[in-house]
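What follows is a single structure, written as structure tokens, with notes after it.
Chain identifiers are assigned alphabetically (A, B, ...) following the order of the sequence lines, protein sequences preceding nucleic acid strands; residue numbering begins at 1 within each chain. On a predicted model such as this, the values are computed, not experimentally measured, just so you know.
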Number of protein chains: 2
Amino acid sequence: MKYEDFEGCGLKKALDMISGKWTPPILYFLFNNQDIRFNDLWREIPRISKKVLAERLKHLENVDLISKRKVDSFPVEVYYSLSEKGKSLGDILSVLDKFGSK
Amino acid sequence: MKYEDFEGCGLKKALDMISGKWTPPILYFLFNNQDIRFNDLWREIPRISKKVLAERLKHLENVDLISKRKVDSFPVEVYYSLSEKGKSLGDILSVLDKFGSK
DNA sequence: CGGCATCCGCGAGGATACTG
DNA sequence: CAGTATCCTCGCGGATGCCG
């Protein structure tokens, strides 16, 4: 077995999906609170900046872990939820959660 | 559910264990190659510096994911392996690996 | 309200040399 | 051989302000 296998392996891809200081907290929160608005999410997660929150949400959307729902009122309303893929990742993370709590 | 739950939850602890640019590669490698010497490990993982390798190995030893075996010859020989805890984490990571490869 | 655009600080990680 | 000791780089994330 060679090291190069790690590059491009599924584990690396999965870790890239959840990488970033705030990405796991965001996923963790969405796992327990579906369909939440941007500013509510921003208030619920203390000390994160809007910039970083927007960045990470875009990233999570790109890798298809969350989905975005937009209501064209004024002001606009944007809701975020875990996708099906995101939920199945959440199940794996909850196994990790159990592992870490002992 | 409140955000503060994330701080101190098992998931955060588990992610801290595997945090760091090189920690997952090291675990991944040890998962497939038991009982390997420091310099061999260093050669097998391209471009990592000895400093960082030593740092991460110490960290992994502190959180009890790997174990160290030292032979007092000259020059000294040091072998690293996954601990039992490390192997069970490895099993979880292989689930993540499957997740990431689709 | 839900973001971008800028600027900036800090600390993980890299390069290199040295040691028991 | 198996690490330390120093110094340095670079990019993630923080702070603030603006816009449709």
Exercise for the section: On DNA chain D, check which nucleotide each of A:R56 and A:P75 is closest to and give me the residue with the more 5' one. Expected result: A:R56
Exercise for the section: Send over the distance from B:I36 CD1 to D:dC1 P, rounded to a whole Å. Expected result: 13 Å
Practice task
Look at A:D91 together with A:K87 and state whether they make a salt bridge at an N to O cut-off of under 4.0 Å.
Solution key: no
Handout entry: Most 5' of A:E55 and B:Y79 on DNA chain D, judged by nearest nucleotide
Key = B:Y79
Exercise for the section: Using a 4.0 Å heavy-atom cut-off across all strands, classify A:Y80 as base, sugar-phosphate, or nothing. Expected result: sugar-phosphate
Exercise for the section: Give A:W42 one of three labels, base, sugar-phosphate or nothing, depending on what nucleic acid heavy atoms sit under 4.0 Å from its own. Expected result: nothing
Exercise for the section: State the CG-CD1 distance between B:L82 and B:I36, to the nearest 0.5 angstrom. Expected result: 11.5 Å
Exercise for the section: Would you mind classifying the nucleic acid contact of B:K70 as base, sugar-phosphate or nothing, using non-hydrogen atoms under 4.0 angstrom? Expected result: nothing
Exercise for the section: Report, as yes or no, whether the 6.0 Å neighbourhood of atom CH2 on A:W22 holds more than 12 heavy atoms from other residues, nucleotides or ligands. Expected result: yes
Problem - Length of the line joining A:I48:CD1 and D:dT16:P, which is rounded to integer Å - result: 16 Å
Problem - Protein-nucleotide distance (A:R69, atom CZ; C:dC1, atom P), rounded to Å - result: 17 Å
Problem - Base of C:dG3 paired with side chain of A:K51 (donor-acceptor, under 3.5 Å) - result: no
Exercise for the section: Go through the steps for A:L93 and A:Y28 under the test side-chain contact (heavy atoms from CB on, under 4.5 Å), then give the verdict. Expected result: CA-CA 9 Å; A:L93 293 185; A:Y28 184 79; over 6 Å; no
Exercise for the section: Just compare D:dG14, C:dG2, D:dG3 and give me whichever is closest to any side-chain atom of A:F38. Expected result: C:dG2
Handout entry: Length of the CG-C1' vector between A:D16 and D:dC12, whole Å
Key = 14 Å
Exercise for the section: Determine, step by step, whether B:K13 and B:D16 satisfy the salt bridge (Lys or Arg N to Asp or Glu O under 4.0 Å) criterion, reporting the C-alpha distance in whole Å, the side-chain angles of both residues, the deciding distance to 0.1 Å, and the verdict. Expected result: CA-CA 5 Å; B:K13 289 176 190 166; B:D16 284 346; over 6 Å; no
Problem - B:R37 side-chain N/O to D:dA2 phosphate OP1/OP2 under 4.0 Å - result: yes
Practice task
Nearest whole angstrom, please: distance from the C1' of D:dC1 to the NZ of B:K68.
Solution key: 12 Å
Exercise for the section: Could you tell me whether a side-chain N or O of B:R56 sits under 3.5 Å from a main-chain N or O of B:S19, the two making a donor and an acceptor? Expected result: yes
Handout entry: Sugar-phosphate, base or nothing in reach of A:K50, heavy atoms under 4.0 Å
Key = base
Exercise for the section: Send over the distance from A:K58 NZ to C:dA5 C1', rounded to a whole Å. Expected result: 12 Å
Handout entry: Proximity to the side chain of B:A54 - top-ranked nucleotide from D:dG13, C:dG14, D:dG3
Key = D:dG3
Practice task
Return the value, rounded to whole Å, for the distance between atom CD of B:E44 and atom P of D:dA2.
Solution key: 14 Å
Practice task
State whether B:W22 places a side-chain N or O below 4.0 Å from either non-bridging phosphate oxygen (OP1 or OP2) of C:dG14.
Solution key: yes
Practice task
Using atom CZ of A:F74 as one end and atom P of C:dG3 as the other, report the distance to the nearest whole Å.
Solution key: 14 Å
Completion exercise
Of the candidates D:dG14, D:dA2, C:dG13, the side chain of B:V78 sits closest to D:dA2
Exercise for the section: Give one of base, sugar-phosphate or nothing for B:E77, where a contact means two heavy atoms less than 4.0 Å apart. Expected result: sugar-phosphate
